There are 2 protein chains.
Amino acid sequence: MGAMKQQQSVSLHGRTYQLPERPTVVVCVDGFDPDYLVAGCQDGILPNLSRWMASGFHTIGNCTMPSVTNTNNLSIITGMPASVHGVSGNYYLDKATGKEHMVLDDSTMWGSTILEQMADAGVRVAAVTAKDKLRRIINHGLAPSKGSICFSAQNAGDCTLEEHGIEGVEKRLGQSAPSMYSGELSIFVLDAGLKLLREDRADLFYLTLSDFIQHKHAPGSTEANDFMRRLDARLGALEEAGAVVAVTGDHGMSAKSGEDGKPNVLFVEDFLNSKWPEAGARVICPIADPFVKHHGALGGLVRVHLLKSDANVDEMVEKAMRGSEAATKYEMPLEREGDLVVIAKSNAVVGAKESDHDLSQLGSHSLRSHGGLSEQAVPLIRSTPLTTGSAAADKRWRNFDVFELALNM
Amino acid sequence: MGAMKQQQSVSLHGRTYQLPERPTVVVCVDGFDPDYLVAGCQDGILPNLSRWMASGFHTIGNCTMPSVTNTNNLSIITGMPASVHGVSGNYYLDKATGKEHMVLDDSTMWGSTILEQMADAGVRVAAVTAKDKLRRIINHGLAPSKGSICFSAQNAGDCTLEEHGIEGVEKRLGQSAPSMYSGELSIFVLDAGLKLLREDRADLFYLTLSDFIQHKHAPGSTEANDFMRRLDARLGALEEAGAVVAVTGDHGMSAKSGEDGKPNVLFVEDFLNSKWPEAGARVICPIADPFVKHHGALGGLVRVHLLKSDANVDEMVEKAMRGSEAATKYEMPLEREGDLVVIAKSNAVVGAKESDHDLSQLGSHSLRSHGGLSEQAVPLIRSTPLTTGSAAADKRWRNFDVFELALNM
């Protein structure tokens with residue numbers, strides 16, 4: 001390399017990110033509705049987050065639409081809305097084949113990620129997810145040969161140096177991989193990140209959690225506060241271990257049940273096919289996730305594909321909008337949009353056919369979910385104050401600005 | 001004065017406040033639940049508050065209990081909880097006489113205020129309230145002879161130089177005093193403050209609004225967003241006119257009705273007297289305000305006075321607590337506490353006798369109210385970044401730290 005100046009930054013989609021000068025941790029709290037933060041501050045259980053809000057940086061930003069996990073994790077690690085990275089949900093209809101697919105890996109995403117660019121620039125990247133499904137997406141472009149570590153809490157017991165860049169995670173942590181259906185899964189992610197940080201195994205960390213607790217428990221509840229308290233303790237430990245920490249959420253979370261505990265739900269496919277059977281409406285729920293019991297695949301937004309091309313769309317659009325309009329308005333990939341998009345009110349959800357949704361899985365919990373416009377707001381918090389006040393001044397914040405927040409400001 | 005060093009600060013109740021070096025405006029947004037801020041940020045309608053949150057200062061703090069207007073306005077201008085200033089609500093039972101009283105002026109408060117101390121130190125103070133009832137409280141120790149201005153939007157048409165330190169307010173502003181039952185009343189307060197600032201009539205401003213909109217309209221509703229948008233524009237204009245601006249709320253606001261639109265309400269006096277008629281329970285609602293139609297005097301906390309001293313308190317305390325315990329726990333003045341304090345859940349309110357509460361005044365609106373623990377959280381925002389990061393670091397913020405935020409940090 002001789003006298004060559006070392007690379008100082010990477011670029012992606014027209015944005016530039018400084019290489020970390022000290023260990024930098026970006027945490028994505030799944031289902032991080034601002035109300036969890038408000039309730040936690042009110043109850044005095046978040047000493048570290050409260051301190052960062054006051055003496056570091058704190059604002060509220062919007063996530064990208066739809067407000068679901070895959071879409072927003074990709075937005076966070078690409079710095080762009082879904083229209084740029086192409087992942088429009090957890091679940092989609094391949095319009096060419098007519099088949100429905102889960103997003104299970106990075107094969108449907110477009111372009112690179114900040115994590116990949118950083119790894120290529122020689123930064124040691126560690127990405128830890130709660131669920132392995134998400135690990136297989138954000139792993140895009142990372143590799144042990146580049147010095148990257150990428151694994152999930154769910155499969156922490158099966159890590160290999162060849163695939164994940166690390167092995168013996170459970171032994172290192174002295175903890176077994178927790179149940180996929182627990183708040184523990186998220187705490188494990190944070191503990192793993194903390195361990196890697198203390199062992200100086202990486203320079204840039206992306207720790208992304210699960211919203212198991214938030215789907216079940218309202219802000220201020222004993223269970224939610226307990227989770228938030230433990231989250232806060234780990235965040236403080238990350239700072240204590242020498243990192244700059246930036247925190248955001250992938251989406252918020254809203255109560256979707258009435259007082260009787262029953263979800264406020266419109267089954268859009270049933271409704272459309274009873275009213276316009278000739279249109280052949282097929283409804284895709286981008287929140288759908290067969291591994292998840294806690295929302296019955298009911299969320300705030302569905303896509304309607306009309307299998308008969310002569311269907312009278314205009315007659316059907318009332319509280320919905322054309323897919324093309326929704327794609328433009330909410331920066332979603334047009335290629336993967338339905339003919340119609342139906343978005344629920346903040347206290348309600350939309351589904352496909354009633355028979356598709358197994359509400360018995362909710363158990364005794366009333367439905368809490370996301371996916372719509374009302375779950376876009378999430379906090380953005382950094383452990384240290386900004387050094388570039390003016391750059392932050394006229395920004396309309398999005399959750400996917402969090403790497404810029406962590407690295408540039 | 002000769003070579004005497006000019007006074008640099010004032011002190012009250014052990015706290016010290018720097019004299020303003022440039023025009024400083026403290027705004028108390030009545031009913032400023034954090035959700036109004038979150039919804040406004042999400043909808044992109046708060047350019048100035050969003051900018052301040054990102055490049056100034058933003059956190060979440062608690063108000064003092066009970067979470068009602070008089071108590072918290074006094075806390076804000078004294079920097080202390082209710083146990084220090086003595087105003088435990090809008091309405092109270094004089095235990096010596098057995099008579100119920102509205103708090104209509106400063107006769108029941110204890111001690112001085114930051115505004116009074118500032119005026120005595122030669123700072124030109126301007127305090128503008130929405131309602132005249134509050135003006136007569138916070139006017140404590142201010143006087144035109146000290147260079148102070150203090151008036152209400154409600155009575156803006158009747159200001160005199162002798163009493164209010166200003167006259168012809170409506171003419172100066174080119175606006176008539178708005179209806180007491182409108183969002184306009186608050187906007188008028190801000191416009192009046194802005195006019196005084198532009199005319200260099202004061203150095204330290206306290207502008208305190210009304211929660212008419214927040215009682216009627218949920219966060220994110222058209223009406224709430226319209227109000228918030230107009231509020232934001234005035235805040236930006238105050239900054240543009242050269243002021244440091246610090247904003248907080250007196251209390252939050254929660255929805256208190258079920259899906260049927262009917263309030264979730266327990267009439268505590270009816271309940272107690274049917275169950276323990278021998279105790280002679282008399283219930284006082286500290287939120288009560290005969291000038292206000294929009295909450296029917298139903299709020300989140302009531303005080304129970306037991307007129308028969310041999311009443312078996314322990315038997316009655318179940319979801320309530322002894323007044324002495326509540327006073328200690330929530331920093332309320334013991335002298336003005338009931339024998340019992342009953343606090344409602346976040347989605348419910350407590351009242352006295354059903355016949356005391358005229359719910360027909362709610363009209364078609366479902367009940368939104370405050371007064372309990374669930375309405376304590378409010379934002380604290382400043383237009384400029386802190387210069388004393390460390391001082392803010394380990395602080396557990398309260399809304400009544402806002403003058404410290406505005407002047408010291």
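We name chains A, B, ... by the order of the sequence lines, and we start the count at 1 in each one. Owing to the predicted nature of the structure, the values given are computational and were not obtained by experimental measurement.
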In this structure, CZ of B:R51 is separated from CH2 of A:W397 (nearest 0.5 Å) by 14.5 Å
Check whether more than 12 heavy atoms from other residues, nucleotides or ligands sit under 6.0 Å from atom CD of A:E223, and answer yes or no. yes
Among residues 59-67 of chain A, residues within the sub-4.5 Å heavy-atom range of chain B, in order of number, are A:T59, A:I60, A:N62
Quick note, salt bridge (Lys or Arg N to Asp or Glu O under 4.0 Å) partners involving residues 55-65 of chain A, not counting sequence neighbours, are none
Within residues 30-40 of chain A, contacts to chain B at heavy-atom distances under 4.5 Å involve A:P34, A:D35, A:V38
Without placing hydrogens or testing angles, list every side-chain donor-acceptor pair under 3.5 Å for residues 377-386 of chain B, not counting sequence neighbours.
from, atom 1, to, atom 2, distance (Å)
B:R382, NE, B:T384, O, 3.1
B:R382, NE, B:T384, OG1, 3.1
B:R382, NH1, B:L405, O, 2.7
B:R382, NH2, B:P385, O, 2.7
B:R382, NH2, B:M409, O, 3.3
B:S383, OG, B:V245, N, 3.0
B:S383, OG, B:V245, O, 3.4

Applying a strict 4.5 Å limit to non-hydrogen atoms, the region of B:N48 in contact with chain A is neither
Here the pair of heavy atoms bringing A:H58 nearest to B:H58 is CE1-CE1, 2.9 Å
Worksheet item: Counting distance only, does the side-chain N/O of B:Q376 pair as donor-acceptor with the main-chain N or O of A:D43 below 3.5 Å?
Response: no
